[in-house]
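Just follow the structure's listing: the first ligand is 1, and inside any ligand the first atom is 1.
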Amino acid sequence: MDVPTIDFAPFLRGGREDREAIAKTVDSALSSVGLIYVKNHGIPDNEVNEAFSWLQRFFALPNAKKRTVQRYREMGREIIRSHPSRREALNLANPSLDMSADQWPTEEILPGFRDFMESFWQNCARLLHQLIDCVSLALELPEEHSLSKCHSRSCFSMGCSYYPETLITHETGPRMGAHSDSCTLTLLFQDPTGGLELGDRASVQGKVSAANFEQRGGTYKPIDFREGMVLVNVGYVMGRYSNGRNKSTIHRVGSPDVAAVPGRTETPDRYSIAFFGDPDPGTIADALPGTYNPENPKRWGPLNIDEYLGGIKEKTST
Ligand SMILES: O=C(O)CCC(=O)C(=O)O
Ligand SMILES: [Fe+2]
């Protein structure tokens with residue numbers, strides 16, 4: 001279960017043939033492993049590094065200041081299948097939408113944060129649209145059915161996370177429990193600490209989900225940090241659009257094994273940025289043309305995105 005690396009430059013700068021070739025490679029990787037490393041993705045390294053340094057400054061603010069920020073979530077507020085995640089988070093909506101007005105720390109609290117993060121948000125949105133176009137091309141979708149059409153309002157969200165240093169004990173569970181993302185595709189930037197782990201679906205027989213993966217003895221593969229690359233991950237909605245061809249990944253953020261970190265008794269601080277590509281509100285996500293036929297009929301009915309995403313929010317927050 002090797003995670004493929006894809007050079008995205010020919011898609012961004014090449015002609016039709018280059019774009020088609022990359023689209024086929026992306027599609028086959030997303031249909032097998034569900035996760036890819038993408039290099040030459042167009043977001044400059046210095047901007048990614050700067051985003052991480054802003055995260056460090058934000059999460060280092062005193063709690064009282066962080067609590068003034070509407071979309072800040074304290075440690076312990078997120079529960080995944082009854083396990084609280086050991087992270088703090090700041091979830092940023094599209095800065096051009098009205099709903100985002102109150103999501104920023106004031107300039108007094110953290111001058112410059114909003115300006116930088118607004119522009120970083122737009123960079124991530126551009127890349128996500130390009131990846132969605134790439135998947136639409138691979139599926140040979142006509143314009144009226146293209147995936148881009150139901151993501152045109154960029155109702156995406158940027159999940160900035162801080163996992164504080166913690167004591168390692170034998171009981172130490174994951175820093176964020178096993179789950180699948182609810183969106184179409186996710187971009188994920190992790191820092192050099194690593195920690196992301198991908199559930200190996202092949203380690204479990206039969207039908208498996210994030211809810212039963214561990215009970216059934218599923219094993220994980222560590223996904224290391226790679227300089228200059230972004231991870232792209234299949235979410236649940238992509239599974240529905242592709243009639244099960246693309247499977248959402250099961251993943252978690254583990255705690256390094258004590259034995260693997262000689263001389264350490266604590267896991268280091270960790271930061272990550274996940275950019276979730278949710279479809280536009282009001283979307284009904286159904287298997288796309290070409291993903292089903294009489295021998296391989298639709299596996300699910302249409303999915304009402306508003307109801308689905310609303311339900312997820314209720315389940316994971318306290
Ligand atoms: O922090 C990470 O690396 C992963 C975060 C994640 O999987 C999520 O927010 O859905
Ligand atoms: Fe995730």
Checking Arg87 against Tyr162: charged group under 6.0 Å from the ring centre and within 45 degrees of the axis? no

How about Phe189 and Tyr271: are their ring centres within less than 6.0 Å of each other? no

Please find out if less than 6.0 Å separates the ring center of His251 from that of His179. yes

Sub-4.0 Å heavy-atom contact, His179 with ligand 1: yes

In this structure, is the centre-to-centre distance between the rings of Phe276 and Phe156 below 6.0 Å? no

Look only at interatomic distance and state if His251 has a nitrogen or oxygen under 3.5 Å from any nitrogen or oxygen of ligand 1. yes

For the Fe ion (ligand 2), angle spanned by His179 NE2 and His251 NE2 (nearest 10°) is 90°

One finds that the ligand 1 atoms under 4.0 Å from a non-hydrogen atom of Asp181 are 10 (O)

Near Phe276 (heavy-atom distance under 4.0 Å), the atoms of ligand 1 are 8 (C), 9 (O), 10 (O)

Decide whether the shortest distance between a heavy atom of Arg252 and an atom of ligand 1 is less than 4.0 Å. no

Below 4.0 Å, non-hydrogen atoms only: which portion of Ser272 touches ligand 1? Side chain, backbone, both or neither. side chain

Is there any N or O on Tyr163 that sits under 3.5 Å from an N or O of ligand 1? yes

Is it possible for you to check whether Arg86 lies under 6.0 Å from the centre of the six-membered ring of Tyr163, through NZ or CZ, and within 45° of that ring's axis? no

As a test of reading the structure, name the N/O/S atom of Asp181 that is nearest the Fe ion (ligand 2). OD1

In this structure, is the centre-to-centre distance between the rings of Trp121 and Phe275 below 6.0 Å? yes

Nearest protein heavy-atom contact for atom 3 (O) of ligand 1: which residue, which atom, what distance? Arg270 NH2, 2.8 Å

Can a donor-acceptor pair be found between the side chains of Asp181 and Thr186 at a distance below 3.5 Å? yes

Closest approach of any protein heavy atom to atom 4 (C) of ligand 1, naming residue and atom: Val253 CG2, 3.7 Å

Assess whether a salt bridge exists between Glu197 and Lys221, defined as any Lys/Arg side-chain N lying under 4.0 Å from an Asp/Glu carboxylate O. no

